[in-house]
Structures are given as structure tokens and as C-alpha cells.
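Reading through the C-alpha cells given below for one structure.
Everything numeric in this text was worked out from a predicted model, so none of it was measured. Letters go in sequence order (proteins before strands), and every chain restarts at 1. Below, each value reflects all heavy atoms present in this structure, side chains not excepted, and no hydrogens, waters or symmetry copies.
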Amino acid sequence: MTENIRINNPNVKYTDTHIEAQYCYHTTAVRRDGDTLTVTPSVSELEFRTERHVPRLGVMLVGWGGNNGTTVTAAVLANRLGLTWRTKTGEQKANYYGSLFQSSTVCLGEGPDGKEVNIPFRDLLPMMHPNDIVFDGWDISSMDLGSAMERAEVLDWSLQEKLRPHMSHLRPRASIYIPEFIAANQAGRADNVLKGTMAEQVEQIRADIQDFRHSSGVDKVIVLWTANTERFCDLTAGVNDTAKNLLAAIQSGGEVSPSTLFAVASILEGCAYINGSPQNTFVPGAIELAVERNVFIAGDDFKSGQTKIKSVLVDFLISAGIKPTSIVSYNHLGNNDGMNLSAPQQFRSKEISKSNVVDDMVNSNPILYHNGEKPDHCVVIKYVPYVGDSKRAMDEYTSEIMMGGTNTIAMHNTCEDSLLASPIILDLVLLTELCQRVCVRPQGSETFQSFHSVLAILSFMCKAPLVPPGAPLVNAYFRQRACIENIMRACLGLPPQNHMHLEHKLQRGFLPRHDNRIYDNVTLIADIHTNLTNICSNDTVGRTSI
Amino acid sequence: MTENIRINNPNVKYTDTHIEAQYCYHTSAVRRDGDTLTVTPSVSELEFRTERRVPRLGVMLVGWGGNNGTTVTAAVLANRLGLTWRTKTGEQKANYYGSLFQSSTVCLGPGPDGKEVNIPFRDLLPMVHPNDIVFDGWDISSMDLGSAMERAEVLDWSLQEKLRPHMSCLRPRASIYIPEFIAANQVGRADNILKGTMAEQVEQIRADIQDFRHSSGVEKVIVLWTANTERFCDLTAGVNDTAKNLLAAIQSGGEVSPSTLFAVASILEGCAYINGSPQNTFVPGAIELAVERNVFIAGDDFKSGQTKIKSVLVDFLISAGIKPTSIVSYNHLGNNDGMNLSAPQQFRSKEISKSNVVDDMVNSNPILYRKGEKPDHCVVIKYVPYVGDSKRAMDEYTSEIMMGGTNTIAMHNTCEDSLLASPIILDLVLLTELCQRVCVRPQGSETFQSFHSVLAILSFMCKAPLVPPGAPLVNAYFRQRACIENIMRACLGLPPQNHMHLEHKLQRGFLPRHDNRIYDNVATKMVLSTGYHASQQNGVCAHVVKEATIG
């Protein structure tokens, strides 16, 4: 990626290797005394440093031969090759619709004509392009990716024909299969499974990662679970409560789920690990291991369809002062995910993941909900083979409006499950990779620090976001999106989006004429000094003059 | 209202009469050179001054006897009286659900326990409480508000019984009726209309406003149109293109709609005027008149139901990189609004108002939409008497997802039209009243200035927001809401919400311990000057350090 955004501000420095930005981070602390709330604002000065060099990225998918795995691999190939194909309505081009970074935009500010300038989200900072990702992975089914793509029944046939020669030679590595964790109905697919003790299997996964890294020549590997939903794992003291116990349990063959085994193998290899399914892969011992080793982990469960809309609609209703009182969600789907979820224990994992999505919004409004009150919330998932990957979500939202009135929204949502999940897989790995190149130094601290191992900024893409201990859990869609945008802006020294347009709201304008003096020019520094009243600027200007 | 939020910061000063806040407003200018975009951030130093005293507010509704007019009046009475009533599912209390200010919350920051503290939106700044609003108004139907409430068929019967004694004594003043502007089917209701020339009628409306102001003892009057949708007015040079021509046309009896006549009367009386219907009340001459007289105007068309959800869903889809390609909206309703809209010219006004709501979101994404490309967008409204005020909206959103895939969302939305619109009427007048007490002084300027007469901050409540010339038009729901929240925070010197939670995202925390030292205390000023602000040589924060040390 070439950078095509340049920040013209003395607070932002471009070195050969880094973008270094001085940033003022604003917070408030609130204290309650009886009826009075005292709000104390404060400012922390932070230095953001972002590595400009974008590495060659390899992504290893657990469940590579599944619908998501084949679809995301096919989509990247089709985009890289610039494929087009005929459909009955005309020619279709490969694209990345549904990807936050590739297909949505952010507003940078106003151009000389007064119009807002919107750029692709991915252009804010140097990011990997998905076309450059090298894929590899594991699957308990040995089917090559060409045949697996056909089995998935997701992509247009004429596209499959063009892709098959590129997909057929891709074969998933043998995976870890512990029958009790997934539905019994998956046994028929399990013809590509590792043998040996649990410890030996973890060693093999580590060897696979090393092998992929060396043979493909990638600089960095990220591992992502897009395989079957597992049942929840019991949290047991002495087994998975600490990193040490978890590693011991793997040696002795205790209860450790395949997804946790993959997570441990990845962390030990220093590879970020992302969980796209709802189960509790990240038992306390796994989280501790990630923190100890300074490796990123993120999850859980792709937020792609019904839950994503729910995190928009419920936020909308509550933020408008309307009180959702009952939320009922019926789903049916006919892909292998649906078949696996037809078993009660696996469904239970999904149900838990889906059920907490409105909690943060409900808790934020004590006018509508008294302490502990929640809307009724019911989630049903049924396996209906005929509909295949074309998942149906039928939702009813009943809300109380003014004076006891009722508002009922019934929604029927049809979508290709894997076509919505694939761009989210890309967003997850691209943002993770970017976060590995960002570090922050608070004022007064000698050293830069990285993001917390539990990468909460990925919440936007997750149904049940994993956050560091004590961190607030945000499910509301637009708040999550603003979080990513504003953190990426911070890396460029740009303040948060304020949406105020004050310069257009007063009787007379107050902004200077559209101003693009380049501050690299020495003669302008005096000018900056008199004109710039930015909190952060003075310090930097001082340094510049030295 | 007593204020229960106190900002503990030397940038914010509470005088007996005002809250004065120093604020850094950040913008960026973008220049394109070939493929490179150069972004130049800049900061404007502003002083916000908010009057603390909340006046007694009177609201005059045009169309007071309609479903919205009776419902909002009844709701305020029921809340003021603290009424409860039985329904088949139990006891129901009066409330203001659906009001942004009364029933939604904003986050102030974390408390000592680390949990976010959320407060009612209305508590951010001193605002009028809706219970304290005094209502009056006009209607072309003479029916008293008790009977009109019954005609509306909106509120529970047991509530109506309790309210009738309070509502029956309220009678709308005679209104302006020019048959050609609304549907012919409204003629049966028109038994309470002004006579005389157009100029005389405007004078009568002005006299009504004066009479209400004096007899009720309110300090401030805001006029709001919640009457019938009119047909669009032709924009004609010499008639309504300038303030002068518009006033002349009223004298000579040119083509001026009743809603514009009400707007002119209000503006001449110095009363803010809000248009809750879709027609083009604000012809250029009316806008010029408002600007000349420094009076606020806002509109158009309450954003209450289907369009509100549309401005959420389409923003969501496009912001997620998904491409809506077809949006089809069917509505049916059986109230008087529906009957009036069954006439083609009035429907046309509504159709225009509803059709542009996705434009800003579509235009913001040149990856999904090439220049000039838009999704198909079709709006149908049908009059079905049986459903009454319980409006149905059936929407289909078809979107293109990755690799030519399709996502289809079909939505069926049932709601009491007037129960959704009434809290929005309250939000509109309360925010307008607040804006009348806020002024801003940019650094270097001697004088404070008010908001622009075209009060764009009210966009959140409007289907087709009216904005000052050259201002960006925002329909996206969450951007509009953030705008109100961040401007109100600015009045308190609080920076915009950033949603970043950075203090929880790094390996180690970097915030000082939960800190609530009160900066009025002299001893803490030392702490201040050794802290972050000390490095400042000029600008807002430097001023403050100086002041703090001196004081």
C-alpha cells in the first residue's frame, strides 16, 4: 500500500519507518454527591507510533474447507486475479463489499469546495491489502478447496468454474478432532485428523505454523478459528485457570477443547489468534498465556448478520428514548454450521453468545429500565437443509412508546451467511495486523507500549466481544465503529470525529480561509506559533524550532 | 430545573446567570493533489455562554386539534398531573418515552467504580421541563381538545376519561384556511377559520400570539406547525424570493401558503417557528425574513417512524460496506393525515420530503456508488381508514453484498403515529428554546453570536432538514444525535465523545487515579500548573493556567 494521506501538522512526524503523532486524549471522571454529579475532565498526552512498512501476511484458518474458509479464500483469489463472471443480470466483478476497511469510507474533513472528503477506511493508515494475504489452514475434512467451494454452494457457478484451477490444489492440513466438543453429526466429515497425544497434536500445529511461515515466505502469521462451534468448556481450577495449569493439562490430557489447543499453539508461536465462533476458547489460562507472551487474542463469534442489525436497532431505539420490551429472533439455515448447531450443547454456546448483545445499551438507560430490568429476549436457531447458506433471520422487536403505546417491528432478513462473514474475517486479520504495528507512549513514560493482549478494538466484528478485565463491554454498532475510526485517527494525530459542523451553524463563519500551508516549511513556523492554538502544538513547535 | 451536573475545570465558569466555557473546536481542511490528500488540522478557540435561567415557555401549535396536537397536549397534562390509568395488563403511568431529552441518556464518563455514568440527556444543560410548557394554538376545526382527543382515537379510553375535564376547556383559535393548499377532503373540518384579507389574517395571528403571551404570562413563545401537509408552493420571483417581496405579496394577496403566513407572523413577533410538515413553508423570502430579524426557524417534517429507521438502517449498511440497491417503502394509515395525503398534490410534498433521506449516506461512499448513482427508492402512502393512527410501514431493503450476493431485509413496522410524533414535538421546542440561550464568541471576536437563524441542529428530528446555505445536509441518525450531544457538551467545555476507551486498551493503564480534586480550591492550583497544561504557552489552556494562578 502506498500512503496517500498526508497530515500537515507539526504534531505529526513522518520518519522513514514510522508515523509519529502527538495526541491529546480526553477523559472525564464523574463523582456523585447526593443529586449532584461532579465531572472532572482531564487530558493525557500520548505519542502514537505506527510502523509504516506493511509486512507480507499469512493467514491460517482453522476450518479452511468450510463455507467461510472456502468463500474468503475464493474471494481473495478472485479479487487478486481481477475476475469477472456472467450472471443472468450481467457481468459481475469481484469485490469486497461488506468489508469495513475495503468498502466503507470515513470523512477526513472539508475540501476547498466546502464538500466533505470521504476516503476508503483502509487508506487512513498503511494497511495490508487483502489481495496480498497468503492463506493456509487446517480442516477435519480432507476435501480440497475447489471441491469444498462446490460443497459450500455459496458462489455463482460460473465464478466457481473460473476459480477451480486455483482452488483445487489447496488442501487443508490435518486438524484436531475431539468428537465430544462438536456435534456427533460432524463425524462423517472427519477424515483428516491428527493422531497422538494432545501434546503431540499441539506440537504438530506449531510445526504447521512454522512450516507455513518458512515455505510461503510471509513475515507474519495470524491464526483464525472459523471452524465448528464447540460446546462450552468447563472452567476447572487446576486445569484451565492459569497458563501453567493449562499447559500442564495439555501434557497430561485434561479437558482442553480443540479451539483452545489451536490458541495455545498459536500463542506459543507468537501468532495472534482470533476466535470466530462462540465457544469459550479463551479460558483464563489461555488469556494469561497470551498476556505473558505479549500475543494478541480476540473474539468471540463473527458479528455478521442478525446480531449486527440487532446491535444497530436496539441502540437506535434506546438512544431515541424508546423502550424495547421483547426481542424474539428466529433463525434457520442449512449449511454445515446449521447442522452442527442442531445439537443442543453447540446451540447453547451460540445462544449465550447472542443473548448479551443488548446488555450495554439496556444498562446505559436507567430512565427506561430500572436496575436489573431487561427486555424479554429469545433466540431460536433451526437447521433447514434446503436454504443452505442462505440464512433467514426473522426478528420481532416490541417496544413501549409514549403513554403505554406499542411499536412493533417485524423483520425478515435473507442473506448469504458466508458472504457476510468473509469480509469480516478479512477485517479482523487486517486490523489485528495493523495493531501489531502501533504503539503508544503516555507522557512521562520512558517506553512505548502495545495494545493489551486482549484486542478489544476488534469488538466491532464480534458478537460477544472479549475485553481486558475491567474494560467496558460495548456492543452498540456505531460506538464500536467510532472507536476504530477515532483510534486510527489518533495514530495520525487527528482528534475524534465530532459531527458538529459548528462552522456552518453560527450566524457568521469563524474559520480561516481554506488553509493548506505546508508546515514543513521553516518560514511558516512563526506563523504556526501565532495561529495555532492547538493544545498539543506548542510543545512540538518548540522542538521543531530547536 | 435545578442543575445537577457540575463541571470541575478551570475552563468552565459558573456565574450567577451563565455557564461560560472555553472550548477548542477541531476541524480539518483537505486538499487533493493527484492521488495525495493533504489534511491540515486546525483548532478554533471558542467561548460558549449559556444562560442558566430557564424561562416560562409557551408553545402555540398550528393544528392544535389534530392527532399530534391533542396527543402532545394530553401527554403533557397527564405527566404534569402524574396520572396513572388501568389497562388490561395493569396500571400505566404517564411518561415521555420516545423523547430524546426526557427518555434517552448520555454518558458523562466513568465513576469511581469504573462504571460509566449515564444521565438523562436533558440534564446536560438547564432546559425547560415539558411539564412546564403552556400550550395554545389554532385549528381550522373548532372542536374543543377533549372531543378532538376522542376523535383522534390515540390514547387509552381510561386515560381520556381522566383527561377530559382538563382538555375540554381548551379551544383552538380560528386558523387560516386557503382551500387550494390542502386536500379537498378537509373542507368538512373547516368551521373555525379567519376572514378578511391575507394581511388582516396575518395581523390576527400576530394579535393571537400577543394575546397568548400576555394572558398566559409566558416569557417566550415558540410556534410549531403540526397541521395538514400542504401542496408545494411555486417559487416565483417577485412573490416569495425576498423578504420584501413576500411581505408585499401578503399585502397584495399573492400566492402565499397558510404555513408561510404563520411563519411570517411568528417571525414578525420574534417567535421561533418550526415546520413539522413536508411542504416548502420556508420559501426564500421567509428564510431571509428570519435571518433579518434574528429569529430561529427549523424544519421540515417530523422524523418519527419509517424515515427515522431508514436513516439508521441505510447508514448502518453503507457504513458496513454493504450496498443498498433498492429501497421500497409502503405505508398505510387511517388518520386525518392519511386522508389529506390521499390527494396527489399533498402526497407529492411528502414523497419529496421522504426521498432524499439517504442521499448524504450514498454520497459519502464513492467505493459503493459511482458519481450520480443512487439506489432505487420508491415510496407509497395509502389511506386505509380502519388502521386509524396505528400506521403501518412495510419496507424492503435489497443490498448487494460480497461477490454479487444479495441481502434482503423486509420490515413491518406498526406504531401509533402520534405517540411517536408527540415526543419529537417536545424535543423540537425544548432544543429551540435552549439554543436561544446559547451564544458563542470565537477567539479574536469582540462579540458573541447566536446560532444561525436556520437552526440546523434540529436536523435530528426532521425528515428533510433545513440547513443554512452551504452547510452539509446530514440525515444519518447517529451523526445527527452526536451533533446535538457534542454541541451541548461544548457548552460545558467538554470535548466530543470519542468512544475510544484507550485507558482500557493498552498493556498498562496511564490515567491518574480517579481524580476529583475541586479546582476552586487554591491549594490544587499548584497541581494544575505542574500538570499537563503547564507546557502551554498560548491558547485556551494557557489562559486558564494564568487565571488560576492569579485567582
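- With a 4.5 angstrom heavy-atom cutoff, A/Val474 touches chain B only via side-chain atoms.
- Looking at A/Glu116, only its side chain comes within 4.5 Å of chain B, counting heavy atoms on both sides.
- Only the side chain of A/Tyr477 comes within contact range of chain B, judged by heavy atoms closer than 4.5 Å.
- For chain B, the nearby parts of A/Arg508 are the backbone and the side chain; heavy atoms of each come within less than 4.5 Å.
- With hydrogens and angles disregarded, no donor-acceptor distance shorter than 3.5 Å links the side chain of B/Gln497 to the backbone of A/Pro496.
- Of the residues considered (A/Asn365, A/Thr27, A/Leu506), A/Leu506 shows the highest number of contacts with chain B, using heavy-atom pairs under 4.5 Å.
- By the 4.5 Å heavy-atom criterion applied to side chains, B/Phe478 and B/Phe316 are not counted as neighbours.
- With chain A as partner, the option from B/Trp85, B/Phe121, B/Phe101, B/Tyr96 having the largest number of non-hydrogen pairs under 4.5 angstrom is B/Trp85.
- With hydrogens and angles left out, the side-chain atoms of B/Ser42 and B/Thr27 include a donor and acceptor closer than 3.5 Å.
- At least one donor-acceptor pair closer than 3.5 Å links the side chain of A/Arg481 to the backbone N or O of B/Ser319.
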Q: Could you check B/Ser99 against B/Asp427 for side chain to side chain donor-acceptor pair (under 3.5 Å), going step by step and ending with a plain yes or no?
A: CA-CA 6 Å; B/Ser99 158; B/Asp427 289 336; 2.7 Å; yes

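- Of the atoms belonging to A/Pro495, it is side-chain heavy atoms, and not backbone ones, that fall under 4.5 Å from chain B.
- The candidate with the highest count of non-hydrogen atom pairs below 4.5 Å against chain A, out of B/Ile401, B/Ile322, B/Asn486, is B/Ile401.
- Contact annotation for A/Leu155: only side-chain heavy atoms (C-beta onward) come within less than 4.5 Å of a heavy atom of chain B.
- Interface remark: A/Leu494 contributes side-chain atoms only to the contact with chain B (heavy atom separation under 4.5 Å).
- Ranked by heavy-atom pairs under 4.5 Å with chain A, the first of B/Asp395, B/Ile119, B/Ile487, B/Ile367 is B/Ile367.
- Contact annotation for A/Ala490: only side-chain heavy atoms (C-beta onward) come within less than 4.5 Å of a heavy atom of chain B.
- In this structure, chain B has no heavy atom under 4.5 Å from any part of A/Thr87.
- For A/Asp35, the CG atom counts as loosely surrounded, since its 6.0 Å shell holds 12 or fewer non-hydrogen atoms of other residues, nucleotides or ligands.
- Note: A/Ile309 leads A/Leu159, A/Thr406, A/Ile309 in heavy-atom pairs under 4.5 Å with chain B.
- At a 4.5 Å heavy-atom cutoff, the contact between A/Leu313 and chain B is made by side-chain atoms alone.
- For A/Phe451, the parts sitting under 4.5 Å from any heavy atom of chain B are the backbone and the side chain alike.
- Both the backbone and the side chain of A/Asp315 come within less than 4.5 Å of a heavy atom in chain B.
- Chain A forms more heavy-atom pairs under 4.5 Å with one residue of B/Glu416, B/Glu485, B/Glu503, B/Lys93 than with any other, namely B/Glu503.
- Per-residue heavy-atom pair counts under 4.5 Å with chain A were compared for B/Cys483, B/Pro468, B/Gly109, B/Ala410, and the maximum is reached by B/Ala410.
- Distance check, rounded to the nearest 0.5 Å: NZ of B/Lys323 to OG of A/Ser104 gives 15.0 Å.
- At distances below 3.5 Å, at least one donor-acceptor pair connects side-chain atoms of B/Gln507 with backbone N or O atoms of A/Ser450.
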(Q) Please evaluate residues B/Thr40 and A/Ile7 with respect to the criterion side chain to side chain contact (heavy atoms under 4.5 Å, CB included), reporting the C-alpha separation (whole Å), side-chain torsions for both, the decisive distance (0.1 Å), and the verdict. (A) CA-CA 6 Å; B/Thr40 308; A/Ile7 308 301; over 6 Å; no

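- Proximity to chain B (any heavy atom under 4.5 Å) is shown, for A/Gln480, by neither the backbone nor the side chain.
- There is no contact between A/Leu492 and chain B, counting heavy-atom distances below 4.5 Å.
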